[in-house]
Each structure stands twice: as structure tokens, then as C-alpha cells.
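Below you'll find the structure, written out as C-alpha cells, and then a few comments.
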Amino acid sequence: MTTTLTDRSATTPPVQSPIVRHRHRATWLAITAGLLAVAIVESAQNHLGPWPILAFIMAPDLSFLAGLGATAAKGQLPPRAVPIYNLVHRPWIPLALIAVASSGAIGAFWLVAGVSWLTHIAMDRTAGYRLRAKDGWQRD
């Protein structure tokens with residue numbers, strides 16, 4: 001007999017020391033601040049204005065739109081939105097974008113975009129948000 005849980009309140013999350021949790025968040029907060037500073041400086045030096053920063057800090061959360069119309073419990077992402085959410089909340093794509101832009105192959109706009117995207121990911125980690133499991137719940 002297979003039992004499928006849709007409500008995580010029935011399970012006990014792993015215990016993590018509050019000290020460890022605060023150290024991780026403090027580290028992510030420092031990373032977030034540093035990345036945001038780089039994005040602001042690069043945007044100012046290249047006369048790009050605030051728009052690339054704002055757009056790419058918010059853009060990864062547009063992945064939630066893939067779950068519109070689907071039902072999910074509070075705190076659960078609809079499963080059909082999980083692959084997109086996880087893709088845009090991993091650091092590899094913005095890091096690659098930063099590397100290519102830093103080489104001069106593409107413009108400074110894309111450098112600011114990549115740094116801003118990475119800032120979003122760091123902000124999420126600071127807030128305690130993680131990647132999602134296939135069922136839409138945050139991974140433990």
C-alpha cells in the first residue's frame with residue numbers, strides 16, 4: 001500500500017540548529033549585499049539605470065505563473081511549475097551569463113542582468129527559500 005502525503009504538516013522536518021541556520025542566512029545576506037552593490041555600480045558605470053536590476057531581480061519569480069490555475073496547498077508550488085522554478089533558481093545560468101558578459105562577448109546590460117538574477121537567488125536563500133521537490137514542497 002502506498003501513501004501519498006499532500007500536507008507537510010503531517011511530517012516532521014529535520015532539526016537544524018538555530019545557530020547554523022542563522023550563520024547560513026547571515027552568509028547569504030552578505031552575498032546578497034555584495035551582489036546588489038556590484039549590480040548598482042555596473043549599472044551606474046554603464047549608464048543603464050535601475051531597470052535591468054529591477055527586472056532581473058523580479059524575473060525569476062515569474063516562474064510562479066506556470067502554476068496558475070492549478071491547485072496546491074499553502075506553501076506548495078503546483079508540480080507543473082517546479083521544473084521552471086528550479087531552473088531559474090539555480091545559480092548556473094546567471095553565473096554563465098556573468099562569465100560571458102565579463103569576457104566582453106556581450107554587453108554590460110547582460111552583466112548587470114546576470115548579477116541581478118544571482119542577487120535574487122541569494123535573497124531567496126537569505127529568506128530561507130530553497131529549491132522545490134517534484135511535488136512542489138521545498139526540499140529538505
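Numbers here are sequence positions counted from 1.
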- request: State, yes or no, whether a side-chain contact exists between Ile53 and Leu48 at a heavy-atom distance under 4.5 Å.
  value: no
- Query: Hey, does His89 have a side-chain heavy atom less than 4.5 Å from the side chain of Ser63?
  - Reply: yes
Examine [X] and [Y] and state if one hydrophobic cluster contains both, with Ile, Leu, Val, Met, Phe, Trp and Tyr joined whenever side-chain heavy atoms are less than 4.5 Å apart.
X: Trp117; Y: Leu87; answer: yes
X: Tyr129; Y: Val88; answer: no
X: Leu65; Y: Tyr85; answer: no
X: Leu97; Y: Ile84; answer: no
X: Val112; Y: Ile40; answer: yes

[atom2] on [Y] to [atom1] on [X], rounded to 0.5 Å:
X: Ile98; Y: Ile106; atom1: CD1; atom2: CD1; result: 10.5 Å
X: Ser116; Y: Glu42; atom1: OG; atom2: CD; result: 10.5 Å
X: Asp124; Y: Leu131; atom1: CG; atom2: CG; result: 9.5 Å
X: Leu29; Y: Thr126; atom1: CG; atom2: OG1; result: 5.0 Å

For this session: Apply side chain to side chain contact (heavy atoms under 4.5 Å, CB included) to the pair Asp61 and His120, showing each step before the final yes or no.
Result: CA-CA 9 Å; Asp61 281 343; His120 173 95; 3.2 Å; yes
Assess the residue pair Met123 and Ile57 against the criterion (side chain to side chain contact (heavy atoms under 4.5 Å, CB included)); give the C-alpha distance rounded to whole Å, side-chain angles, the decisive distance to 0.1 Å, and a yes or no. CA-CA 9 Å; Met123 286 181 350; Ile57 280 181; 3.7 Å; yes
If you look at every heavy atom in [X] and [Y], which pair is closest and at what distance?
X: Gly67; Y: Pro78; value: O-CG, 3.6 Å
X: Val82; Y: Arg132; value: CG1-O, 3.8 Å
X: Ile121; Y: Pro94; value: CD1-CG, 3.9 Å
X: Leu118; Y: Pro91; value: CD1-CB, 3.7 Å
X: Ala101; Y: Gly107; value: CB-O, 4.0 Å
X: Asp135; Y: Gln76; value: O-NE2, 2.6 Å

ask   = When the ring planes of Phe56 and Phe109 are compared, do they come out parallel, tilted or perpendicular, using 30° and 60° as the limits?
value = perpendicular
Handout entry: Heavy-atom donor-acceptor pair, Arg130 side chain to Arg139 backbone, under 3.5 Å
Key = yes
